[in-house]
J.: 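There's a structure below that I have some questions on.
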2 protein chains.
Amino acid sequence: MDRLNEAMANGGASATLDDVARVAGVSRATASRAINGGNRVSPAAQSAVDDAVRRLGYSPNPAARSLVRRRTDSVAVVVPEPDERVFSDPFFARTLRGVTEVLSARDLQLVLLLARPGQEEARMLRYLRNRHVDGALVVSHHRSDLAGQLADLALPSVFVGRPWGSSDRVSYVDTDNVAGGQDATRVLVERGCRRIGTIAGPEDMTAGLDRLEGWRRALAEAGLAADAVEHGDFTEDSGERAAAALLARHPDLDGLVVASDLMAAGALRHLKAQGVAVPDQLAIVGYDDLGVAERTEPGLTTVAHPVREMAAQATRLLLDQVDGGTAGTPMRVVFPPTIVRRGSA
Amino acid sequence: MDRLNEAMANGGASATLDDVARVAGVSRATASRAINGGNRVSPAAQSAVDDAVRRLGYSPNPAARSLVRRRTDSVAVVVPEPDERVFSDPFFARTLRGVTEVLSARDLQLVLLLARPGQEEARMLRYLRNRHVDGALVVSHHRSDLAGQLADLALPSVFVGRPWGSSDRVSYVDTDNVAGGQDATRVLVERGCRRIGTIAGPEDMTAGLDRLEGWRRALAEAGLAADAVEHGDFTEDSGERAAAALLARHPDLDGLVVASDLMAAGALRHLKAQGVAVPDQLAIVGYDDLGVAERTEPGLTTVAHPVREMAAQATRLLLDQVDGGTAGTPMRVVFPPTIVRRGSA
DNA sequence: TTGAAAGCGATACCAG
DNA sequence: CTGGTATCGCTTTCAA
């Protein structure tokens, strides 16, 4: 009765199922059943157990539980980013929100794995291999064969955004970035722009490349030149620099497709400083529509994609894998982007 | 030999210590020792085990391990923020970086717990109570008695920033925000400002209140009026709004102490729009120095605090508690802030 | 419906 | 040094 008293004293941190069973006057097996949904337990036993649990402040030891259930009830969100700036990207915050929504509903815990490429990557992979989590969601990733490595692990996993490399071996959710880039460019073409440049995303991210490809296609289809390209890294500062470089090389630009609103905001800053009128002298279309597009001056015409929904969908796909005990059958869901018109084009 | 082959086939995801022992031709006990640092194992046994581990791609089951070790080798970073915007605050990113540094060195896993006040808070508390982690680091927190609740849990925990309520019952690391507010204000006083207002932080965060208190003290000591106060929520937009409100009410202000650089950047935006010259008509001092201060125009004179070091220190304190098996003995470490001079004051 | 008992996969004490 | 064995705390047959 010593341990029991101790258990009752400190908020139940150490009460075990055995204690509960003893206090409730039932067997451990019955106590366990009562606690887990109460299938096949008499009302009497159920309430005795409920009572004991309350009195003892009992809560199950997750290690013991997952040892036998082979489940951790937690999933990892892997962020293989070299830079802490991911956080300042609204895309990331929104994604996390979408994931959390779905996870909360199922009472699963989110474990965030920040892993800068390098030794942290190895640690992260080990963590996943050890099955510390039931599955992994990979978020903003650069060129690498993480997809292949995860597929090898046979751990349920879903990418948010089409991965590099072995994209055929894993599930992912994405938006049609090619279509998005194309639509953005068409807005400018239809508006009468004849000299359309682009500030593209990083060359090591599929989203960046796809949007660029869309821009190329739209220009080809309009019979316009596609030679004014500058790459940024999705940050505002890089957008400002890219705009400066681009205009220095091509002073005759009258349209600009920018692969993210943050970069577009940077470009806008440069243009304002240079006294270039937007959209009259130079029209701009951004990408994302995650809040910053409505706060710039003028507001950004941009390509919206349902980031939160994508993340939620990815999470659901992951949970399906987890539930089904299947780590395979690559699924993919691709969302269409939509144009949102504001003042910049 | 069936399970064994299976284990070898799928990357070792399911090889157990037993398999390793069998393949190495030693007992489970010896295998375990060899794997954990190799104390008291003969070179022969050691290499046999190493070999088996490699061949089988064995990696220990964390649930089983933590069941007996009573250790999870992971610590939680709790973020009790209602808003996803925490992420866009450089303070948070920097903090995370400091935590990660220390954790990585010890090979501990960071588990990020996002918990909006409400039902998620309960889930978070349950997670901690269940000892899913060895300890908790609480980051940006608003008014609440989380400190008291954690103290009750008897779980090793450290706050980054002095907590509300039962701050005497938990360990925390903080900067001297009162001194910081005071120093910031003195910069303006010494510069000749006679009418100094402030854009303070939220009224439900100790950092906000302390900085405000510092501002009050400095004004009292200079014999100046301390009546021009407006509160923001540490975001750029709130800073812009607050500046507008403040100047509308007190058009004669010649100095402004702002509780965060982000808000100061917002204020700067408003001033530029209004054609107010900084620092000549109105001098400004910010707070944080986490990067944005050097990117504004003019650069912000600001109060710097060693955010990364604070986070690292907090993490070390936490690990001491974890190692010592002590969840008590509230420790505190307070870092001094320093003034960084740029163009705004 | 209930309980006895067999694991789950490791660690650690204790003889040898 | 090594190996047998008792746990760790919980879930899940399997009989009763």
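Letters go in sequence order (proteins before strands), and every chain restarts at 1.
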J.: Please test B:R106 against B:D73 for salt bridge (Lys or Arg N to Asp or Glu O under 4.0 Å), starting from the C-alpha separation and ending with a verdict.
T.: CA-CA 9 Å; B:R106 292 265 317 248; B:D73 293 321; over 6 Å; no

J.: Do we see a donor-acceptor contact under 3.5 Å between the side chains of B:D145 and B:S166?
T.: yes

J.: What does the inter-axis angle of the helix from C:dT1-D:dA16 to C:dG16-D:dC1 come out as, five pairs per end, nearest 10 degrees?
T.: 40°

J.: Could you give the CZ-to-P distance, from A:R131 to C:dG9, as a whole number of Å?
T.: 13 Å

J.: For A:Q321 and A:P156, work out which heavy atoms get closest and say how close.
T.: OE1-CA, 3.1 Å

J.: With a 4.0 Å cutoff (strictly under), does any side-chain N or O of A:T30 reach OP1 or OP2 of C:dG3?
T.: yes

J.: Using only side-chain N and O atoms of B:S32, determine if any of them is under 4.0 Å from OP1 or OP2 of C:dT11.
T.: yes

J.: Roughly, in whole Å, what's the span from CZ in B:R22 to C1' in D:dG3?
T.: 15 Å

J.: Indicate, yes or no, whether a donor-acceptor pair under 3.5 Å links the base of C:dT11 to the side chain of B:R28.
T.: yes

J.: Does C:dC8 have OP1 or OP2 under 4.0 Å away from a side-chain N or O of A:S66?
T.: no

J.: Using atom CG of B:N39 as one end and atom P of C:dT11 as the other, report the distance to the nearest whole Å.
T.: 13 Å

J.: Is the distance from OP1 or OP2 of C:dC8 to the nearest side-chain N or O of B:N61 less than 4.0 Å?
T.: no

J.: Quick one: on DNA chain D, does B:A64 or A:V68 contact a more 5' nucleotide (nearest heavy atom)?
T.: B:A64

J.: Below 4.0 angstrom from OP1 or OP2 of D:dT2, is there any side-chain N or O of B:S27?
T.: no

J.: Under 4.0 Å between a side-chain N or O of A:R40 and OP1 or OP2 of C:dT1?
T.: no

J.: Which part of the nucleic acid, if any, lies within reach of A:A45 when heavy atoms closer than 4.0 Å are counted: base, sugar-phosphate only, or nothing?
T.: sugar-phosphate

J.: Round to a whole Å and report the spacing from OH of B:Y58 to C1' of C:dA10.
T.: 7 Å

J.: Let's go through A:H132 and B:V111 carefully: what are the C-alpha distance in whole Å and the side-chain angles of both, what is the deciding distance for side-chain contact (heavy atoms from CB on, under 4.5 Å) to 0.1 Å, and is it a yes or a no?
T.: CA-CA 11 Å; A:H132 262 104; B:V111 172; over 6 Å; no

J.: In whole Å, what is the span from the CG atom of B:L67 to the C1' atom of C:dG7?
T.: 13 Å

J.: Determine the minimum heavy-atom distance between B:V322 and B:D134, stating which atoms define it.
T.: CG2-O, 3.5 Å

J.: Out of C:dA12, C:dT1, D:dC10, which nucleotide sits closest to the side chain of B:R69?
T.: C:dA12

J.: Distance check needed: D:dC14 P versus A:R33 CZ, whole Å only.
T.: 14 Å

J.: Between A:A63 and B:P43, which is nearer to the 5' end of DNA chain D once each is assigned its nearest nucleotide?
T.: B:P43

J.: When the distance from CG of B:N130 to P of D:dG9 is rounded to whole Å, what number comes out?
T.: 14 Å

J.: Look at A:D323 together with A:R71 and state whether they make a salt bridge at an N to O cut-off of under 4.0 Å.
T.: yes

J.: Check the distance between D:dG9's P and A:L17's CG and give it to me in whole angstrom.
T.: 11 Å

J.: Classify the side chain of B:R70 and the base of D:dG9 as holding, or not holding, a donor-acceptor pair under 3.5 Å.
T.: no

